[in-house]
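Keep in mind that the numbers below use all heavy atoms, side chains included, and drop hydrogens, waters and symmetry copies.
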Amino acid sequence: MIRSLRGLGPDFGVLCASVIAAAAVARLFQGDLGGPAFAPLLVTAAVGSAVPSLLALKRVPLPFRAVAATVAVILTSLWTAVATATTYGLPTAHTWRVVQSDLRAARPLLTAFAVPLRASPGLVFLAAMTCGVVGMLASVLLRADDTGDRLYPGVALVCPFGLLAFACNESTSHSMAVLVVLFVAAGALTLATARAGRARQTATDRLRSWTTPAALAAYTMAGVSLVAVLVNSGAEGAGSSGPGVAPVVPLSAESLTSN
């Protein structure tokens with residue numbers, strides 16, 4: 001049992017990464033980390049990531065883990081975002097009507113998408129569902145091999161990394177600095193514990209297990225940074241006009257890479 005708990009180190013790292021990404025999304029809402037969207041997003045992300053890991057500890061097949069985690073995410077989203085619409089915690093037809101009304105009210109907010117977002121129940125419910133599904137996918141992908149104990153930490157971290165990148169893109173960079181550092185630490189913990197759990201590896205295999213994820217992470221970060229710089233530089237002069245200013249040109253690969 002103790003050995004099995006030690007093997008959950010990568011799962012704990014993925015859970016931390018999912019919760020940190022959910023916190024980044026919560027910063028997009030009014031009230032920031034102390035707003036009404038903070039607890040629903042973080043709790044749902046934690047539940048979505050923890051349920052598949054605990055079921056994997058009991059050797060539950062992958063499809064059942066995914067289904068159980070999806071149900072847990074839906075229920076947690078309801079309990080945290082629209083708890084008053086449930087009957088003793090159980091969803092009913094009234095719950096569906098309330099959620100449907102809240103989602104219709106959240107549609108204009110999604111269309112405008114002006115940060116900070118208003119923490120309406122429908123929008124918080126959607127955000128909590130998204131964070132929970134991301135956490136669930138990360139945890140399921142980490143242990144996607146049902147025939148053995150092989151882990152896929154690099155693939156699992158892609159889901160919360162994408163959510164974090166989206167939140168950072170919609171917010172100011174300096175406000176997300178601490179969360180980015182924490183996410184890097186959680187990713188390092190995931191990779192390190194996954195590597196420590198592997199047995200009977202040659203020196204070449206151990207070196208490859210570090211170099212491949214490091215190279216992929218470096219290439220991904222370099223590509224994201226390059227695209228962000230190019231897009232931002234092109235957007236600064238898009239609305240300018242006047243003497244000595246270059247005319248506005250359609251967005252293309254040539255216009256992005258030219259001076």
Side-chain angles (χ1 to χ4, degrees), residues 4-5 7-29 33-92 95-96 98-99 102-103 106 119 121-144 151-153 155-164 166-167 179 182-183 186-187 189-190 193:
S4 299
L5 292 177
L8 288 177
D11 301 83
F12 179 72
V14 169
L15 185 147
C16 292
S18 301
V19 170
I20 292 168
V25 177
R27 297 208 63 176
L28 301 179
F29 285 84
L33 295 182
F38 178 69
L41 269 61
L42 265 66
V43 170
T44 308
V47 169
S49 181
V51 170
S53 298
L54 295 176
L55 293 178
L57 188 64
K58 297 296 184 180
R59 298 293 182 180
V60 176
L62 180 64
F64 292 100
R65 275 183 268 156
V67 172
T70 301
V71 173
V73 165
I74 295 174
L75 291 176
T76 306
S77 301
L78 290 173
W79 292 336
T80 54
V82 287
T84 56
T86 61
T87 303
Y88 299 105
L90 298 177
T92 61
T95 307
W96 168 247
V98 172
V99 171
D102 290 340
L103 291 177
L123 199 55
V124 172
F125 174 77
L126 284 177
M129 281 284 296
T130 301
C131 294
V133 169
V134 166
M136 180 268 292
L137 288 175
S139 184
V140 168
L141 290 174
L142 177 66
R143 298 183 180 273
L151 302 179
Y152 302 91
V155 177
L157 290 171
V158 169
C159 298
F161 173 76
L163 190 62
L164 178 69
F166 168 78
L179 293 177
L182 292 176
F183 184 87
L189 173 66
T190 304
T193 52

Identify the heavy atoms of R143 and R65 that sit nearest to each other, and give their distance.
O-NH1, 3.2 Å

What pair of heavy atoms forms the shortest contact from C16 to A186, and how long is it?
CB-CB, 3.9 Å

How far apart are the closest heavy atoms of V14 and A156, and which atoms are they?
CG2-CB, 4.2 Å

Closest non-hydrogen atom pair between L28 and A167, with its separation:
CD2-O, 3.7 Å

Just distance, no hydrogens or angles: give the donor-acceptor pairs under 3.5 Å from side chains in residues 126-134, sequence neighbours left out.
{"unit_1": "T130", "atom_1": "OG1", "unit_2": "L126", "atom_2": "O", "d": "2.9"}

Not counting sequence neighbours, which residues clear side chain to side chain contact (heavy atoms under 4.5 Å, CB included) with V158? List them please.
none

Distance col, row L157:CG vs L164:CG, nearest 0.5 angstrom, shows 11.0 Å

Straight-line distance of R27 CZ to F38 CZ, nearest 0.5 Å:
10.5 Å

Rounded to the nearest 0.5 Å, what separation is found between the CG atom of L15 and the OG1 atom of T190?
9.5 Å

Quick one: closest heavy-atom pair of L151 and P10, and the distance?
CD1-CG, 3.6 Å

Sequence neighbours left out, what pairs pass salt bridge (charged side-chain N to carboxylate O under 4.0 Å, His left out) with at least one residue falling in residues 73-82?
none

I'd like to know whether T95 forms a side chain to side chain contact (heavy atoms under 4.5 Å, CB included) with T92, so could you lay out the CA-CA distance, the side-chain angles of the two residues, the decisive distance to 0.1 Å, and finally the verdict.
CA-CA 5 Å; T95 307; T92 61; 3.5 Å; yes

Identify, with sequence neighbours excluded, every residue that meets side chain to side chain contact (heavy atoms under 4.5 Å, CB included) alongside V124.
F29, A37, P40, L41, A81, A119

Spatial distance of atom CZ (F161) from atom OG (S18) [nearest 0.5 Å]:
14.0 Å

Could you list the residues that satisfy side chain to side chain contact (heavy atoms under 4.5 Å, CB included) with L189, not counting sequence neighbours?
F12, T193

Can you see which heavy atom on L78 is nearest to which on P91, and at what distance?
CD1-CB, 3.9 Å

Identify every side-chain donor-acceptor pair in residues 47-56 under 3.5 Å, counting partners at least two apart or on other chains, and give the distances.
{"unit_1": "S53", "atom_1": "OG", "unit_2": "D11", "atom_2": "OD2", "d": "2.9"}
{"unit_1": "S53", "atom_1": "OG", "unit_2": "S49", "atom_2": "O", "d": "3.2"}
{"unit_1": "S53", "atom_1": "OG", "unit_2": "S139", "atom_2": "OG", "d": "2.9"}

I'd like to know whether V99 forms a side chain to side chain contact (heavy atoms under 4.5 Å, CB included) with F125, so could you lay out the CA-CA distance, the side-chain angles of the two residues, the decisive distance to 0.1 Å, and finally the verdict.
CA-CA 8 Å; V99 171; F125 174 77; 4.0 Å; yes

Reported CG-to-CE distance for the pair L141 and M136, which is rounded to 0.5 angstrom
9.0 Å

